[in-house]
Each structure stands twice: as structure tokens, then as C-alpha cells.
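Each chain gets a letter, A, B and so on, in the order the sequences are listed, and its residues count up from 1. It should be emphasised that the depicted structure is a prediction, and the values quoted were computed from it without experimental measurement.
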Amino acid sequence: FQQTARMSQYNKNYMDPVLEKAKLVEGLEENDLRKHRPIKAPNTDCSISPLFYDAEIQKFTNMIMQGGNKERVREIMRRLFENLKHTQVAKYNRANSDEERQGIECNPIAVFHQAVDNCKPLLLSKRTVKGGIAYRVPVCAKPIEQRFNAMKWIIESCRDRTRRIPMEDKLTMEIMDAYKYQGKAIRKKQETHKICESNRAYAHLR
Amino acid sequence: MKTFNESCLMVRRPSVELISYIKNINLNHPVHRFVLYGRKGAGKTCVMNHVMHACYRDNWIIVHVPWAGRLVRGWKKEITESSYKPGRYDVPADGAAWLAHFLHQNQGKLKDLKTTSEYVWTKREKAEAGTPLEEIINFGMTRIKFSSDCVGVVLKELRQQAQTKGLKVFVAISSVNAFFVEWDHVNTLRNAEKKKIEPEEMTIIHNFKKMLSPTWTHGVVVCTVSEVVNMETQREKYTPLYLLGKEGFEFLDPFVPILVPEYSEKEALSNIDYYIDRNWIQHDYGKTEEGKKEIMFVSNKNPFNIYRVCSSL
């Protein structure tokens, strides 16, 4: 995602720094621009750690967070990934054949990404007023909007459930369902698609 | 257990040390006491469980209190006054739970043990001299009102008969400082007049404390001291003297303190390699050398922290 409006004070000349140790040791070629241009200072927040940082997951945690309570959300996310791993690795260890094992995706981050991808809508309905009447016009969803809506629907469907179950359990159930194209969030996406389909006539009002 | 289809223990230096001490003990001496101490999450309870398992293999009878904090606190627990002595309180549910646990752990070994003296429960129910201990345990589990007294009877018999019958008794208590320290939170146990109950006034704890004192032979006592059980203001250090308080230290003195340190680099690496082997660490970067170093740095090689860090990878 290229962000066009940035608050950074750097001149456009400045290039991004190299963070991997292996590449630093290798050195640069003669023609490489970075030899002849100024270089920005590296970031020191958690985004430099390849182990713990993932842009989509960061966005998701920020969306769940309420009242600035990042600690609590990080605990929820940690337990969520642990639950996903428990279910998948248990299935993996009990699988009988190699084919089954290849089919089971154990990486919780991959499961998460796949679930969010399954929930992304292609079209969204936008409310336009023309001549006094409000029409719901189907519109192509931009990638950022798709991602936002997918995550929003997952979180909303979890919050609707009973309060007796902790959030991480509800999220696990929701994500495992979305991974298999089932569950509330997927239904919400399908309903949105149906509404857009039924309002196709107004597409020219975009 | 369910995920990996197996359970594993790491053999570490404190447990090997303890096992070698126990093997060389002269059982005719009064009971030796060992206290395991260390930072939160360093593995004290695991070391204790390892030693307990080794003694179980060696045919010792095991008296195990999983976490003493449970006996001192609880939400909505029933508290009854003890029928045996006035001024003491009982938690019948805890007593019954412990008796079931004890029975389960020592299944084949309690056959020959019989009580030496008579115990009168009520006017109509009494246990005569010579009843097998299993009957008393079953009695305690069915008649929950007397469960804490049953616990007392069982422990007393074990202490008296350990020498005469050549038994070996291994007492393992996790978080022993719960017995000696106040706990003043929302979930403290309170009696009918809403007054807080001290640990000394509880029957079960009183009975377990008798096991800790060096009045009997042919046994070993291994305890852990943990910071979690103390009040939040009293958790600065992890040394036994600080955590047990004055009363507790005098009660347990003299004891052999054993430090359980956090993982060394080799131990931490082998733990992470085990996780990789069992498909627990799924992240690609986590499996490389640099990733392992990052995990060890972030968790400071504390076993509990390594578990927490790796659970999200």
C-alpha cells in the first residue's frame, strides 16, 4: 500500500536503509544508487522485527483495541494465535497420511491472512442522493476498503456473541469458520454482494 | 499434551542435584526439607514434578499439594466450622478434592496400611483400629463434612507408620509460603461473620504443616516458594527468607535451599529446537539462527516467557 500523503520531513532524494544483516555484509554494487544518495535513518519501533511484526495483524489489533488498551489486545491476539496453532497442530499430528498433512496449514498467521482474504468483498454499496431519492449504488471496493471491511465484519460478529466466552475463543471460532468459507462474517460479505447485485441498475450513477 | 500427542520434561541441573541428594539420604534421620526458589516462571514446579516422578518410580508414597494458594483463597467457597476443634475452619470441598487426588496418585501402594487407633466421627459412625486407609479416604470423599479431618487422619497415620513399616514418604508442596502469609484480596476466605480467616486457623493447612515439621522420619519434604502467592506489596524479591516471612522461616528452618535459575543458553536453545521439531514455531524467521537469538533475547531465557513468546509465532 503506497501512502501518498506522508508527514515525513525527508527530501525525496533520501533512500530507505538496509536492515538485514546479511545484505549489509555483502556490500553494494558500483551502480547502486544508495552509494550516491543520502539515506534515511532506520526506524526503531517494532516494525523492524521480522519475527513479531506484520502490517495486517498490526492493523487488526488496532481495530480491536478499545480505550487505548493495547496490552489487553496483544494478550488476546497472542492467545488467538496459540488457539489456532493448537487446533491445527493437533490435527496435523493426528493425520494419517502425508497428503493430509500437506493440506493442513499450521502457520497461524497464514490461516489468519487467508481468513481475512476470504472475507474481503469485491463490491460495496454506496448511498447516493439524486433528485431527492437515496439510491444504494454498487461500487468497486478499493484494496484498503476491502481490508477494512473484512476485519470490521469479523470483529463485529465476534462482539455480537455472548459475553461469557472470552474474545480470543470467539475470534478463533470466527477465523476458523472464515478460513472454510463459513460463519457470520462470510455471510455478511455474501449479503453485501447480493444487495449490490440487486441494485445493478443504478451502477451508472457512480 | 493433546496437541503434541506426548508430554516432555527437560532434565535440568537443580532436579539432578535434588535426586542425587534424595538417593543418598539416611532415612532414619528426621525429615529433610528442601526449598526450591527462583524467579517467576523459572521452572520450580517443573523441577519438583520431575523429582516427584523419579521418587514415584522408586516406590515412594507421594503426598502432593498442587498449589497451596488454592487452599487459602477462593470465590464462593463453603466454609464450615470444624467439628473436631472449636475456632478452626474447614473447607470440605478442598478436602474431598485432595483425597481423590491422593488416591489417584498412590493407587497400588496403600493396600497394607491400616489405622493404629480409633477415630470417632459422630455418635454412630466411627472407624476402629485396623481399618484400611483406603476406607477412610472413601469415607472422606463421600461424607464431605469430615473430609478435612480424614486428611488429618491419613497424614497422621503415614507419619506414625513410615518408620515401623519401612515406607518412604515424599511430601511435595507447591507455593508453601501460602501457609504462612496473609492474603487480603476480594477472594479471601471469610467466615460467617465476614471476618478474614488466617491460614493457621484452617484444618487442612494445620494438618499439612505438621508434615513439614521434623518430628517424623523416613520421608523427604520438597517445597517451592513462589512470589505469586504473596500480597502484591510483598513481592519484591524471590528469596525464601523474604517470601516466607518471619514465622514461616522459623518453622521451616533449617532447610536446604536450592536455586532454580533461568535457562542457560544451551537449555534455551534446546527448548526452542524442541518447539521447532514439534512444529510449534511456524514462522520462517523464527527457525533461523537469528530468529532463535531474537527469541532468547526478548524472553530473557525465562522458560515461561519463552513459552509466551513462541505461542504467537
Side-chain angles (χ1 to χ4, degrees), chain A residues 19-25 45-54 56-58 60-61 64 70-96 98 100-114 168 171-172 175, chain B residues 1-10 40-41 43 46 74-76 186-187 228 232 235 263 265 268-313:
Chain A
L19 291 172
E20 291 109 59
K21 281 186 188 170
K23 287 195 184 165
L24 280 174
V25 167
D45 58 19
C46 68
S47 56
I48 52 170
S49 155
L51 254 189
F52 297 109
Y53 181 74
D54 187 81
E56 282 209 18
I57 293 178
Q58 189 71 10
F60 192 71
T61 54
I64 306 181
K70 196 70 158 271
E71 277 281 337
R72 199 181 161 91
V73 187
R74 273 181 64 96
E75 257 305 297
I76 294 176
M77 293 303 284
R78 195 204 106 224
R79 286 182 205 156
L80 163 67
F81 287 136
E82 201 186 332
N83 284 347
L84 287 178
K85 259 206 275 193
H86 271 300
T87 39
Q88 294 294 83
V89 175
K91 268 193 236 164
Y92 187 91
N93 280 332
R94 267 150 228 208
N96 291 325
D98 272 335
E100 275 181 53
R101 272 180 218 148
Q102 274 180 354
I104 297 176
E105 174 64 59
C106 280
N107 194 345
I109 302 181
V111 171
F112 178 82
H113 282 316
Q114 183 63 36
E168 60 258 14
L171 268 173
T172 325
I175 287 184
Chain B
M1 175 76 204
K2 287 180 205 166
T3 334
F4 290 166
N5 257 348
E6 66 173 18
S7 38
C8 251
L9 255 187
M10 193 192 280
K40 183 176 167 192
C46 276
W75 296 100
K76 295 186 189 167
V186 191
N187 58 355
V228 173
E232 264 126 23
R235 284 187 197 172
Y263 280 164
E265 214 181 290
L269 265 178
S270 69
N271 193 355
I272 298 177
D273 282 333
Y274 173 69
Y275 280 152
I276 293 177
D277 181 52
R278 291 275 105 206
N279 258 327
W280 185 242
I281 295 186
Q282 289 285 331
H283 200 112
D284 290 324
Y285 186 72
K287 300 183 193 174
T288 59
E289 284 300 317
E290 284 198 18
K292 289 185 203 173
K293 277 191 211 163
E294 196 169 335
I295 295 175
M296 289 196 324
F297 177 75
V298 166
S299 62
N300 196 17
K301 301 194 197 96
N302 187 329
F304 188 55
N305 280 342
I306 289 188
Y307 158 70
R308 281 175 69 117
V309 165
C310 293
S311 63
S312 60
L313 285 179

Original post:
Quick one: which residues of residues 293-304 of chain B reach chain A at under 4.5 angstrom, heavy atoms only?
Top reply: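 Within residues 293-304 of chain B, near chain A: Glu294(B), Ile295(B), Val298(B).
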Subject >> Heavy-atom closest contact (Ser311(B) atom, Arg78(A) atom, distance) >> reply: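 Shortest heavy-atom contact: OG-NE, 3.1 Å.
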**OP:** Let me see the working for His283(B) and Asn107(A) under side chain to side chain contact (heavy atoms under 4.5 Å, CB included), right down to the final yes or no.
**Re:** CA-CA 7 Å; His283(B) 200 112; Asn107(A) 194 345; 5.6 Å; no
Original post:
Is the shortest heavy-atom distance from the side chain of Tyr307(B) to the side chain of Glu82(A) under 4.5 Å?
Top reply: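 Result yes, sub-4.5 Å side-chain heavy-atom pair found.
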Original post:
Non-hydrogen atoms of chain B under 4.5 Å away: do they reach the side chain of Ile109(A), the backbone, both or neither?
Top reply: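 Contact with chain B involves the side chain of Ile109(A) alone.
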Original post:
So which of Met77(A), Gln88(A), Glu75(A) has the largest heavy-atom pair count under 4.5 angstrom toward chain B?
Top reply: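 Heavy-atom pair counts peak at Glu75(A).
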Original post:
Taking every heavy-atom pair that is under 4.5 Å apart, which of Lys85(A), Arg79(A), Lys91(A), His86(A) has the most such pairs with chain B?
Top reply: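 The residue among Lys85(A), Arg79(A), Lys91(A), His86(A) with the greatest pair count is Lys85(A).
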**OP:** Sequence neighbours left out, what passes ring-ring contact (aromatic ring centres under 6.0 Å, His included) with Tyr263(B)? Give chain and number order.
**Re:**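 ring-ring contact (aromatic ring centres under 6.0 Å, His included) list for Tyr263(B), sorted by chain: empty.
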